Amino acid sequence: MNHDIDTALSALADPTRRAVVELLRSGPQRAGELADALAMTPPALSRHLRVLRRSGLITDDEPDHDARVRLYRLEPTGFAPLRDWLQELQAFWDDQLLAFKAHAEAVAAAPAPKAAPRRRAAAAKGRR
């Protein structure tokens, strides 16, 4: 795995950070709104936002009308390496399942092998 994927997975390993990502899916939000939604103190949330920013999964910016406000939003390019890796895994498993299906269908379509007749002499020998 490359560094970008490791960083994204590490950031998303924490349930609070995954909850932040879920909240930001609905659109940009202020840190205070996120803290309220997660019932967290702003300093506690700030650490999670820092990890998500450093991983490239979210960005923050100041609206033109108020420099005191920071809006957090998802950064699609930060998710791209993770998405690409998951698509590769999906393609691998799709190929594996298709191969298994083809094998299972071939086995089901093949005539069942006939059982070999038992030899009486060999069976009698084994009883002695």
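Given the structure is predicted, the values throughout are model-derived calculations rather than measurements.
If you chain together hydrophobic residues whose side chains sit under 4.5 Å apart, Leu89 and Phe79 fall into the same group. Taken together through direct or relayed side-chain contacts under 4.5 Å among Ile, Leu, Val, Met, Phe, Trp and Tyr, Phe92 and Leu97 form parts of separate hydrophobic clusters.
Applying the under-4.5 Å side-chain rule to Ile, Leu, Val, Met, Phe, Trp and Tyr, the cluster around Val51 consists of that residue alone.
A donor-acceptor contact shorter than 3.5 Å is absent between the side chain of Arg17 and the backbone of Leu12.
A distance of 5.0 Å separates NE2 of His48 from CG of Asp14, quoted to the nearest 0.5 Å. Between atom CZ of residue Arg70 and atom OG of residue Ser46 there is a gap of 10.5 Å, rounded to the nearest 0.5 Å. Interatomic distance, OG1 of Thr41 versus CG of Asp36, reported as 11.0 Å (0.5 Å rounding).
Partners of Gln90 according to the side chain to side chain donor-acceptor pair (under 3.5 Å) rule, which considers only residues two or more places apart in sequence or in another chain, are Asp94.
Within the 4.5 Å cutoff, no side-chain heavy atoms of Leu24 are placed close to those of Leu52. Looking only at side-chain heavy atoms (C-beta outward), Leu34 and Leu49 come within less than 4.5 Å of each other.
Minimum interatomic distance between Pro81 and Gly78 (heavy atoms only, all atoms of both residues): CD-O, 3.7 Å.
Checking each of Leu74, Leu38, Leu57 against Val20 for a side chain to side chain contact (heavy atoms under 4.5 Å, CB included) leaves exactly one that passes, namely Leu38.
Listed by first then second residue, pairs satisfying salt bridge (charged side-chain N to carboxylate O under 4.0 Å, His left out) with a partner in residues 72-92 read Asp61-Arg73, not counting sequence neighbours.
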*Is there a side chain to side chain contact (heavy atoms under 4.5 Å, CB included) between Leu71 and Arg30 once you walk through the steps?*
CA-CA 5 Å; Leu71 283 177; Arg30 288 179 261 197; 3.7 Å; yes
*Check the pair Leu45 / Tyr72 against side chain to side chain contact (heavy atoms under 4.5 Å, CB included), numbers first and verdict last.*
CA-CA 12 Å; Leu45 179 65; Tyr72 292 88; over 6 Å; no
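By the 6.0 Å contact criterion, CZ on Phe100 is open, its count of non-hydrogen atoms from other residues, nucleotides or ligands being 12 or less.
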